2 protein chains.
Amino acid sequence: MARTTPTIYQVARRAGVSIATVSRVQAGHRAVTPATRARVRQVIDELDYRPSRSARALAGQAHDATGIVFPDLSGPYYSEVILGYEERASEAGQSVFILGTHGRARSNEQALELADRVDGLVVMGRTVDDAVVERMQAAGIPVVMLARPPVAATDTVRAENEASARALTEHLLDHGHRSFAFLGDPEGSPDVSERYLGFCAALRAAGTGVPPRPVPCGFREAEGHRAAAALLDSGPPADAIVAANDEIAIGAVRAARERGLRVPEDIAITGWDDIALAEHVRPGLTTVRQPLRELGATAAALLTERIRGTRTEPRHVLLPTALVVRASCGPHPEQEERR
Amino acid sequence: MARTTPTIYQVARRAGVSIATVSRVQAGHRAVTPATRARVRQVIDELDYRPSRSARALAGQAHDATGIVFPDLSGPYYSEVILGYEERASEAGQSVFILGTHGRARSNEQALELADRVDGLVVMGRTVDDAVVERMQAAGIPVVMLARPPVAATDTVRAENEASARALTEHLLDHGHRSFAFLGDPEGSPDVSERYLGFCAALRAAGTGVPPRPVPCGFREAEGHRAAAALLDSGPPADAIVAANDEIAIGAVRAARERGLRVPEDIAITGWDDIALAEHVRPGLTTVRQPLRELGATAAALLTERIRGTRTEPRHVLLPTALVVRASCGPHPEQEERR
DNA sequence: TTGTAAGCGTTATCAT
DNA sequence: ATGATAACGCTTACAA
């Protein structure tokens, strides 16, 4: 694409100054006479000059851009997080790249490519290998990890999982449930891993025997449905299913119904995230709310501090979550919502 | 950020060739001896060399990036469209920028800035002024418009609105409804404008007097709730509300219920989009499904053709929509879903 | 087939 | 306060 927009040279010529002066004016340096500054400013406006991003980046300045890497764009979870991120980042004057890895093998490669176009980036969960992250940081680009446990000197942002999972499970125990199942893949995501830990902790503390092994399961409704169906058809009957997220739970509710089971009378089912659906689905889903937008926004904020050099000490932010009790966990005298 | 990663010079030196040769190998030019090609390749691997994006862009090549500009990230609609876009674009080897304008006044400026960092971009609805789009195109960067009626030589992608709106309204008429209201702002969005047109056409054809003026309303549930509340409290009673999207409709259902009205017995309410909630909400929402992912993916595909120069003739893609009849439009003998 | 060298549009370092 | 001018890392004629 031929450059049809004016360059710094044209501005300089027309204003009767050198390109250095234009650059200074443009950058807001003080060492410029008000008179010349005004003249240059006017020419800039007349020509509608705007400096080339590539040239600027090449000359060693910043990209004024950051990126966020996530596994997949589908479902409310990622959308909300990215929304929070984009909003905060663009307020801070940064353009934002998004990269969905979609489980591709090339994701490390793609992330590394992205790293070359930004001043810093956010990495969700286990989308890229730790070695890759280290290389990025070694190359001087700040990285913030999202939805992962704290790692050494890298900033991390996550929502509380274990304690809430424990509280959730205890709530189920209070309802009298004794035979549990966990739907989700602890291996696949740090979040799920922590939730499973909290789940187990509650069961152990209650002395309900050995906690069951998790039933591995992707994050989507269809996968939850399939896993729950298999579980219900084969295993010893569970009277409570703790799902790793709301979509899985909704799939599980469907599977239970298809088998003539009533929720929560015959089987209790809980979710995680508190997506919009959780409230509207029948029965209302007992779940754990996490501040999705805030997760993204916080990541953006931490990254900005790093880029600006405002802070050098690593920070590990843990955002609070809240148990949201609805109907799917068992019979309640009246509808309540605990926080 | 000092460049800590190897440059083309280091590769050249180590391979004992000139930088031009390295560049050729890297670009896959054929005019290189297999022997030297192999040697260079090996050094590239050894050093893990990857060319600087900025330098490449500056040297007149491409950015290998595109962008999408949308008004706001919230709600399933935008998320889905962006998902479809990102997936297709990144398959085509392009990094993707997202820019939410959030109704900011600076949106034109931001979009123009973005235009300098990409090889082409997609603009949704009326997020940026037409004059700005023209300037981008004049500057040689291809633009694809999303969710807008065809404009001259610019590629456009949209979903069918008017005919479906008409069919939807006719369905309501078939139910016997006669007093209608339309919730949404035709001024604010081309999509809504077309839906309102189809709505009016059906009413006129039915000879049901003058179609009502639209009740302006944002796209979110809270706004739908507020608008419906005002409508129900003040105006002459409507027995059918056509909402511009599902979220508005859900808000309207809530408002109706709060006033002791049963849906659909006392009042029918329809939505648009067929988001996940539409099926689960009570009563199931009669709505119009549009292929959200496909909208984004198609925009990406058109843009890629333009960038690659594969096509120069403008294309205007109109994706089909489908009436989805559920319970909220009126009593049905049995649950059915029409396509 | 390969190398030399001229840009690409900035920023930043010197002089002046 | 301002102006030359050397990077920045790459692509691409043009030579050899």
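Below, read A as the first sequence line, B as the second, and so on, with proteins coming before strands; counting in each chain starts at 1. Quick caveat, the model's predicted, so the values are computed rather than measured.
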Under a 3.5 Å threshold, yes or no: a donor from one side chain and an acceptor from the other, between S193(B) and E187(B)? no
Going by distance alone, is a donor N or O of one side chain under 3.5 Å from an acceptor N or O of the other, for S95(B) and R117(A)? yes
Provide a list of protein-nucleic acid N or O atom pairs under 3.5 angstrom, restricted to nucleotides 12-16 of chain C.
none

For DNA chain C, which residues in residues 9-18 of chain B have a heavy atom at a distance below 4.0 Å? G16(B), V17(B), S18(B)
Please check if any side-chain donor atom of Q26(A) sits under 3.5 Å from a side-chain acceptor atom of R56(A), or the reverse. yes
Spell out, as yes or no, whether a donor-acceptor pair under 3.5 Å connects the side chain of D129(B) to the backbone of A131(B). no
With the side chain defined as heavy atoms from C-beta on, A31(A) is closest, among dT10(C), dA1(D), dC10(D), to dA1(D)
By nearest nucleotide on DNA chain C, pick out whichever of R30(B) and Q26(A) is the more 5' one. R30(B)
Looking only at side-chain N and O atoms, does H102(A) offer a donor or acceptor that is under 3.5 Å from a partner on E91(B)? no
Going by side-chain hydrogen bond (donor to acceptor under 3.5 Å, both in side chains), name the pairs with one or both residues in residues 28-43 of chain B, residues two or more places apart or in two chains. Q42(B)-E46(B)
Taking every heavy atom of V143(A) against every heavy atom of V133(A), the minimum-distance pair comes out as CG1-CG1, 4.0 Å
Scan S54(B) against the nucleic acid and name what it touches under 4.0 Å (heavy atoms): base, sugar-phosphate only, or nothing. nothing
Stepwise side chain to side chain contact (heavy atoms under 4.5 Å, CB included) check, Q10(B) with Y49(B): CA-CA 9 Å; Q10(B) 319 191 22; Y49(B) 163 73; over 6 Å; no
